Chemist: 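My structure is below; once you've seen it, I'll send some questions.
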Amino acid sequence: MTWKPGFTPEENAEWYAQAARLKEPEQVPVMLLTCNDFASAQYNITEYECYADVKKMYEAQEHAYNKFYKLLAFYPDFGPATLPASLGAKIIWPKDECPWVLPLLKKQDDVDKLEMPDFHFASLSGQTLAYMKYFQSRGRTIPYMIVNGPVDNSGLLRGISQFMTDVYENPDLAHKLLKFCTEAAIEHLRVMEEVVGKVPIVIGDDTTGYLAPDKFKKFALPYIQEIFIKFERPLNLLHSDSNQMHNLELIAQTGAKIWHMGPSDQMDIGEVKRRIGKKICLMGNLYPRLLAEGTSRTVEKGCKEIIEKAALGGGFVLSTGGVIPKRSRRENINAMIRATEKYGKY
Amino acid sequence: MIQKEIERVKNSIVELNIKKAKKMVTNALKIGTPPYEIITKAISPALREIGEKYECGELFIADLIASGSLAKELLPVILHNIERKAEKVDKAVIGTVKGDIHDIGKNIFGSFLIAYGFEVYDLGVDVPAKEFVNKVKEVNAKILGLSVLLTSLTPELKNVIDELKRANLRGRVKVIVGGRGVTKKYAKQIGADAYAEEALEGAKLAVRLLGNQSPK
């Protein structure tokens with residue numbers, strides 16, 4: 001007999017909403033956060049085929065959705081490339097990897113020349129909207145809107161090393177770029193909202209973990225806060241899966257209701273819970289590689305430890321510390337889901 | 001007075017005050033500080049101190065990146081003034097393999113190599129195998145550092161090693177591989193001399209691989 005969870009996706013969604021409100025639901029909810037690499041690998045097509053063809057992207061996501069008990073979300077996106085492409089950055093499309101961005105702003109003067117695109121039509125942002133409409137025409141709800149955060153986008157546009165150097169060498173320039181990226185994120189969300197409605201937002205800003213606390217406070221916090229304030233929603237999520245142990249209290253101030261954090265080999269969720277667990281819902285943080293390279297036993301053990309450290313008092317969602325790797329094995333994902341039933345009852 | 005200037009250069013780098021560090025280096029050169037001493041007594045120790053602070057959790061990745069960029073900017077100014085005499089300096093060639101454009105780890109690794117006294121030739125990103133080999137031969141490098149982030153591009157590491165063999169250079173250079181795309185197991189499989197999970201570890205390995213002698 002094929003195993004399936006003893007709860008429905010609707011129940012899991014309700015528990016997730018309660019956890020986001022820092023409550024104790026009936027059971028620890030589970031979030032399987034995946035990208036197109038996962039869906040394409042499960043469907044045996046390349047990532048590039050997904051990006052290039054909306055039908056294939058849809059079919060791959062639908063296949064994964066059905067395979068994993070309807071616990072996955074439908075979301076058509078182009079990874080971190082969307083805003084940079086919309087501004088004219090050159091994008092590299094590997095055969096079976098996420099698209100990468102070649103830095104656009106080589107000279108300091110280039111920052112002054114940036115112009116806000118019309119996200120309805122610009123390059124990948126326009127394509128994302130078209131793909132969203134296609135998914136909707138197939139009867140699917142797009143449950144959230146995703147944008148890169150200002151620090152990530154600034155790094156993509158300038159080159160991460162160069163932007164981090166700007167923070168020290170030319171802070172005014174860094175602030176100018178961050179301000180532009182914040183306004184761009186807000187405008188992009190506004191345009192996506194015309195298609196998907198007032199759904200929660202997800203800001204992905206991994207490289208904020210590279211910043212020391214004083215730098216995070218100046219160069220990340222106000223900009224991320226601005227976006228969350230503009231789109232205040234109960235399930236807003238910050239995805240930042242780099243090591244943030246030095247920035248925890250600041251993460252809790254971003255305005256996100258849920259923080260999708262990095263993996264257990266970098267961050268002890270028990271300590272995170274102690275320090276900020278009453279201020280923000282924690283989502284994580286199983287070491288993602290376990291799902292691809294571990295056994296169901298090691299996955300279960302890992303999940304048990306995390307649940308024991310983080311579930312008490314509510315405000316916790318079991319997930320991987322980062323996205324689920326593309327070659328994750330089904331039995332391991334099953335083990336993760338089973339762990340919430342076995343160890344996650346309140 | 002020269003010692004004081006050297007100390008000022010070192011402190012401004014440790015403070016990550018880029019503008020001040022550049023000014024201090026200019027001042028130091030103006031008053032006749034031997035350029036090579038600025039590297040060995042200010043820049044290298046400063047970078048090592050920054051590395052130690054990072055290991056202790058006092059500094060973070062952005063700090064490493066900024067210090068690496070600073071070193072990269074300061075060195076050409078200083079090296080322009082240098083007359084290399086009898087000092088033997090071990091050379092390292094580094095780069096990100098062909099097809100990959102990620103450079104953060106590589107840049108930090110480069111700055112730690114400088115901290116440990118290597119003369120570093122950074123070939124940048126998306127570097128074909130032959131280019132690595134040509135540079136190793138040209139400068140007689142003892143260390144070759146290869147970085148890769150994308151798992152699909154890890155075969156490039158083997159290409160470089162094979163290219164070294166074809167050019168009869170394999171025995172003359174130690175190959176260190178690193179980056180999220182590679183594992184220790186894979187590094188061993190392809191015949192690399194070492195695998196470094198982090199940049200600072202890589203620099204220390206480079207010193208050890210050359211026989212535990214700190215390069216000058």
Side-chain angles (χ1 to χ4, degrees), chain A residues 37 41 46-48 89-103 151 154-156 158-171 174 206-216 218-220 242-247 263 265-266 288-289 292-293 322 325-327, chain B residues 12-23 50 53-54 56-74 96 98-111 122 124-126 147-154 156 180-181 183 185-186 197-199:
Chain A
D37 62 341
T46 64
E47 268 190 81
Y48 182 75
K90 189 173 174 193
I91 309 298
I92 308 285
W93 296 92
K95 185 178 164 193
D96 208 13
E97 304 269 357
C98 197
W100 333 321
V101 179
L102 291 179
V151 174
S154 299
L156 287 167
R158 189 93 170 103
I160 296 172
S161 296
Q162 183 57 64
F163 176 70
M164 291 295 164
T165 304
D166 289 341
V167 164
Y168 291 81
E169 195 169 16
N170 197 338
D206 292 328
T207 52
T208 52
Y210 293 2
L211 298 168
D214 64 320
K215 298 282 185 293
F216 186 107
K218 281 190 204 147
F219 293 93
S242 53
N243 188 347
Q244 293 277 17
M245 290 306 288
H246 51 293
N247 288 327
D265 62 326
Q266 287 181 14
R289 260 190 176 160
E293 296 166 14
K326 66 199 284 181
R327 306 278 171 221
Chain B
S12 60
I13 297 172
V14 173
E15 287 162 20
L16 296 168
N17 190 331
I18 295 183
K19 282 189 173 135
K20 189 176 168 190
K22 287 181 185 175
K23 203 174 169 189
I50 287 168
K53 287 187 176 203
Y54 170 74
C56 293
E58 286 176 43
L59 292 179
F60 305 92
I61 293 176
D63 303 311
L64 297 184
I65 294 172
S67 64
S69 297
L70 175 57
K72 221 170 163 177
E73 280 190 57
L74 292 175
T96 303
K98 179 146 183 61
D100 200 329
I101 59 160
H102 298 92
D103 67 352
I104 296 173
K106 169 194 65 78
N107 291 346
I108 298 172
F109 176 53
S111 65
D122 184 347
V125 299
D126 189 21
S147 174
V148 66
L149 189 86
L150 301 175
T151 43
S152 60
L153 293 172
T154 47
E156 261 309 298
R180 252 195 297 168
T183 60
K185 187 178 168 186
Y186 186 77
E197 201 170 336
E198 281 216 341

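Quantities reported herein were computed from a predicted structural model and do not represent experimental measurements. In what follows, every chain begins at residue 1, and chains take the letters A, B, ... in the order their sequences are listed.
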Chemist: Rounded to the nearest 0.5 Å, how far apart are OG of Ser161(A) and NZ of Lys72(B)?
Modeler: 7.5 Å

Chemist: The criterion is side-chain hydrogen bond (donor to acceptor under 3.5 Å, both in side chains); which residues satisfy it with Ser242(A), sequence neighbours excluded?
Modeler: none

Chemist: How many angstroms lie between atom CE of Met164(A) and atom CZ of Phe60(B), to the nearest 0.5 angstrom?
Modeler: 13.0 Å

Chemist: May I ask you to list the residues in residues 207-215 of chain A that approach chain B closer than 4.5 angstrom, counting heavy atoms only, ordered by number?
Modeler: Tyr210(A), Leu211(A), Ala212(A), Pro213(A)

Chemist: Which bit of Glu15(B) is near chain A, if near means a heavy-atom gap under 4.5 Å: side chain, backbone, both or neither?
Modeler: neither

Chemist: Roughly how far, to the nearest 0.5 Å, is the CD atom of Glu169(A) from the CG atom of Leu16(B)?
Modeler: 11.5 Å

Chemist: So does Tyr48(A) have more than 12 non-hydrogen atoms from other groups sitting under 6.0 Å from OH?
Modeler: no

Chemist: Would you check if Thr165(A) and Ile18(B) make a side-chain contact, meaning some heavy-atom pair closer than 4.5 Å?
Modeler: yes

Chemist: Under 4.5 Å from any heavy atom of chain A, what part of Asp63(B) do you find: side chain, backbone, both or neither?
Modeler: both

Chemist: Using 0.5 Å steps for rounding, measure from the CD atom of Gln162(A) to the OG atom of Ser69(B).
Modeler: 6.5 Å

Chemist: Counting only heavy atoms not in Glu198(B), do more than 12 sit closer than 6.0 Å to its CD atom?
Modeler: no

Chemist: Where is the tightest heavy-atom contact between Ile101(B) and Val101(A), given as atom of each residue plus distance?
Modeler: CD1-O, 3.5 Å

